[in-house]
Structures are given as C-alpha cells and as structure tokens.
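If you read the sequence from its start, that first residue is 1, and numbering goes on from there.
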Amino acid sequence: MYYSSIAIIAFIIHIIINNEALKKVETTSENALRLKYRYYLFALIVFYIADAIWGVFHEQRWLIPTYIDTCLFFLSMAISVLLWTISVVAFTENKSKFGKILVGCGLFILAFQAGILIANLFRPVVFSFDAQKEYQALPARDIALFMQMILFLATSVYAFIISFNSEGKKRRHYRTVGFSGIIMAIFITLQMFYPLMPFYSLGCLFGTCIIHTFIYKDKEIEYRAKMEAANQKAYKDGLTGVKNRTAYLETLVDLEISIENGALKEYGVVVFDLNDLKTINDTLGHEEGDKYIKNASKLICAQFNHSPVFRIGGDEFVSILKGSDYERREELADSFIKTIDENQKNGLVVVSSGLAVYQPDTDENYNDVFKRADQLMYERKKALKTSLI
C-alpha cells in the first residue's frame, strides 16, 4: 500500500490545486490554451488512478489485472507527455518549426509506446512478471522513458530560449515551464532506475504545483479581468459610457425578484428624454447630436450620482432610484428641473424628465411605475416647449 498511497495523495492534491482548471469551459479561441492544459490535467488524473490501482493489484499478486493496469499506466503516461508538449507549445505562442517538431516527437513517443505495448502481448519487451508474480522492467520500457525524459528536457530548453526574448510576467512564466520540464526529466530518470517507486507521480505532482503557483494563478487573474472587461463592455453604452438597454433589462428582472421576495420595498423611476435632438442632427449633423447626447448623459449622471443611469434609446435615459437618492428624490428632481430651466434660457442641453415611485398597493409591476414617470416626462416636455412660445 506504500506505493499506492503516494499516487492517492498525488491524485487528491492534484484535484484540490487544479479545481478551477479542471472545470468545463466553452470551446472558444479565448479558451484554447485553458482547454489544452485541462486535457493534460485529465490525462494525469487517469495516470494517477492507474498508478494507485497498480500498487494494490501488484501487492495482491493479481496477475491479469496488474498486467492490464500496467498497460494503462504506460499509455496514460505517454498521452500526458504529448498533451504537456502541446500545452507548452501553445503557451509560448511561438509558431516556430521547433515547436511543431516537439509536438511531432510527442506523437512519435505515444505511437512507440502503443506499439511496444502491443508487441509485449506476444513477447515481453516492456515488462513481465516472474514466477513469484513480481514485476520485471525490460529494455523497451527504459527506452520509452528515456525518450520522454529527452522530450521534457527539450521543452525546457524551448521555454528557456523563448524566455530570453520576453519580459516581465511572460519571462517568469516561460522559465517556470522550463523548470517544470527539468523536474519531470529528473523524476523520469529516477523512475528508470527504481521501477517500484512512484517517482513519475511525484514528478507530475511537483510540476503541476509549480505551474499552478507561478503561472495558472496569474493566468486566471488575467482571464477573469478580461471576462469582467468584456462583460462591462457588453453592458455599457458605447457613446455615453452609462449602462445600456441590455443592462437595463437585466436590472428590471433583478428588481422584480427583489420586490417579490421582500428584499426591496421602495424605489423610484426617473424617465428622461432629450429635447430637440432630431433638429440638432438634421441641422448641425450627427456629430453635434452625439455631443448633445454625451452632455445630457453627464448632466443626468451628475444629478443622480448614486443611482444607475441607463440609455434605453437614442434620446431616452432612465434612472432607478434607491437608497439615499430615493429618500432625496423630490429634492433631486426639483434641482434637475431648475437646472434644465436655466439651460433652456442659456441655449444649453435641455432634458425633459418625469419621476414616479413604486406604490405596492396599486402597482402590479415595474411597468406601471415606468408608465407614470413617462407620462410626467411628456407633460414636462410639453411645458418646456410651451415656455419657448
């Protein structure tokens, strides 16, 4: 059980430290590297399981199960070497011939391993069992391990060479890959000389721990930052920088849920509409029209600076008031009206607005509140136009 215990411990630590990396992700170009590394991690899981089971089977002298598991052990080992090589080449983002050669060598090692395992069925060349059912390592096994060791060293050299032309985090990451390859090469060498010791499992464990600590954490932070930026961009209006209609619709869903479960009991809605935007576009051009929209957006955000502001149409904005802005809603609305009155006198941005609050006794949903605010906004727009006459 000593042999199996090492593989079991390696398996458990592998699952713990690589929990995030093992999770399923979408098959996209953004996730290509994550997927390749994920496949490598899954190949190691198969290897750890085969290694752990092998110790039990061999100790119990179950010859046929041990033979089958030994084949799985060597095959999963070769697959993991190939997937490691593919991951390293993809990680370096270097499309040189040397990278392709490394992947080709990984494929050759896998084919060689499969071939000698098939040959071993007819004539022992990789491993055998003596009369006492003790495992015996044979020359073809050492040749396969030697080739794997050379490939790991080659990937290390490859990573170190690329690191010389890199800076900052990338240089540190490439050097980490190089050191991981060297560690694996050392443990493969030990495995060659000590067949009944789980050195390969230990090498894989140390290698992935180093990758996780010095590379994957950084990459995960970068990935999350990119995803967050993409999400922000998806919910942001490109012209004004306020939240867009998509964000508005999702906010309404959350708002209705909060009302239903009692988490939110009061809120206000302010509907805004820009006066004379069409006239500005027609007479001065859309560039001036865009400036008008931006200035209107800044005006709204400055007044209702503790509430989300959404652009839901070309000249339409909405703000949903909660907390302190809700408590000061009348003051804020009156102040905004006075600002707009002054703007109209001075030929500046003019925005009509209407405020309504949620009335739990009569309002069935958000739409009822919005309609009242919208109606008040149109009355305000009419009043502003009348004052010009």
Side-chain angles (χ1 to χ4, degrees), residues 1-19 21-22 39-84 109-110 112-121 123-149 151-152 180-181 183-212:
M1 286 301 292
Y2 169 76
Y3 184 98
S4 294
S5 64
I6 299 296
I8 292 169
I9 291 169
F11 170 77
I12 293 171
I13 295 174
H14 179 81
I15 295 294
I16 292 171
I17 67 169
N18 296 297
N19 179 51
L22 288 166
Y39 297 148
Y40 168 66
L41 294 177
F42 273 114
L44 288 186
I45 287 175
V46 175
F47 172 76
Y48 287 139
I49 292 172
D51 202 22
I53 294 173
W54 190 90
V56 176
F57 287 168
H58 184 255
E59 188 174 306
Q60 297 298 319
R61 299 297 188 267
W62 295 339
L63 190 57
I64 294 177
T66 307
Y67 187 96
I68 295 171
D69 190 65
T70 305
C71 292
L72 178 61
F73 171 94
F74 282 116
L75 198 57
S76 59
M77 180 190 292
I79 291 171
S80 70
V81 171
L82 171 62
L83 294 175
W84 162 261
I109 289 172
L110 176 59
F112 178 78
Q113 187 71 75
I116 60 176
L117 287 174
I118 292 171
N120 202 73
L121 292 169
R123 181 181 177 182
V125 291
V126 184
F127 64 91
S128 65
F129 296 92
D130 62 18
Q132 287 74 43
K133 300 181 180 179
E134 283 285 348
Y135 174 79
Q136 301 293 319
L138 299 177
R141 170 249 188 203
D142 293 334
I143 293 171
L145 288 177
F146 179 77
M147 288 193 296
Q148 291 177 33
M149 182 265 289
L151 183 57
F152 271 109
S180 297
I183 287 171
M184 279 303 303
I186 291 170
F187 277 88
I188 290 173
T189 304
L190 290 172
Q191 188 73 67
M192 288 170 61
F193 288 105
Y194 302 97
L196 297 179
M197 293 293 290
F199 282 116
Y200 200 95
S201 286
L202 288 173
C204 291
L205 178 61
F206 292 147
T208 52
C209 282
I210 291 171
I211 294 292
H212 176 79

To the closest 0.5 Å, what do you measure between [atom1] ([X]) and [atom2] ([Y])?
{"X": "H58", "Y": "E134", "atom1": "NE2", "atom2": "CD", "answer": "4.5 Å"}
{"X": "L75", "Y": "L110", "atom1": "CG", "atom2": "CG", "answer": "6.5 Å"}
{"X": "T70", "Y": "L63", "atom1": "OG1", "atom2": "CG", "answer": "9.0 Å"}
{"X": "F152", "Y": "I188", "atom1": "CZ", "atom2": "CD1", "answer": "5.0 Å"}
{"X": "I143", "Y": "Q148", "atom1": "CD1", "atom2": "CD", "answer": "12.5 Å"}
{"X": "F187", "Y": "I183", "atom1": "CZ", "atom2": "CD1", "answer": "7.5 Å"}

Nearest heavy atoms of [X] and [Y], plus distance in Å:
{"X": "S201", "Y": "F47", "answer": "OG-CE2, 3.3 Å"}
{"X": "Q113", "Y": "A144", "answer": "OE1-CB, 3.4 Å"}
{"X": "C209", "Y": "I17", "answer": "SG-CD1, 3.5 Å"}
{"X": "P198", "Y": "Q191", "answer": "C-OE1, 3.8 Å"}
{"X": "R141", "Y": "M192", "answer": "NH1-O, 3.0 Å"}
{"X": "A7", "Y": "Y48", "answer": "CB-O, 3.8 Å"}

Answer yes or no: is there a donor N or O on one side and an acceptor on the other, between the side chain of H212 and the main chain of H14, under 3.5 Å? no
Under 4.5 Å between any side-chain heavy atoms of [X] and [Y], yes or no?
{"X": "L138", "Y": "V125", "result": "no"}
{"X": "F74", "Y": "I116", "result": "no"}
{"X": "L72", "Y": "D69", "result": "yes"}
{"X": "W84", "Y": "S180", "result": "yes"}

Go through the side-chain N and O atoms of Y40 and N18 and say whether any donor and acceptor fall under 3.5 Å apart.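 No, N18 and Y40 have no side-chain donor paired with an acceptor closer than 3.5 Å.
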- Query: Can you check side-chain contact (heavy atoms from CB on, under 4.5 Å) on F193 and D142, steps first, answer last?
  - Reply: CA-CA 9 Å; F193 288 105; D142 293 334; over 6 Å; no
### Residue among I45, I49, V46, D51 satisfying side-chain contact (heavy atoms from CB on, under 4.5 Å) with S76
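Only one of I45, I49, V46, D51 forms a side-chain contact (heavy atoms from CB on, under 4.5 Å) with S76, namely V46.
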side-chain contact (heavy atoms from CB on, under 4.5 Å) between I16 and I13: does it pass, once the steps are laid out? CA-CA 5 Å; I16 292 171; I13 295 174; 5.6 Å; no
| Does CD1 belonging to I64 count more than 12 external heavy atoms closer than 6.0 Å? | no
- Item | side-chain contact (heavy atoms from CB on, under 4.5 Å) between M77 and L145, intermediate numbers included | CA-CA 9 Å; M77 180 190 292; L145 288 177; 3.5 Å; yes
Let me know which of Y200, Y135, F73 forms a ring-ring contact (aromatic ring centres under 6.0 Å, His included) with W54.
->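 Only one of Y200, Y135, F73 forms a ring-ring contact (aromatic ring centres under 6.0 Å, His included) with W54, namely Y135.
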Is the distance between the ring centroids of Y67 and F57 under 6.0 Å?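 Centroid separation for F57 and Y67: 6.0 Å or greater.
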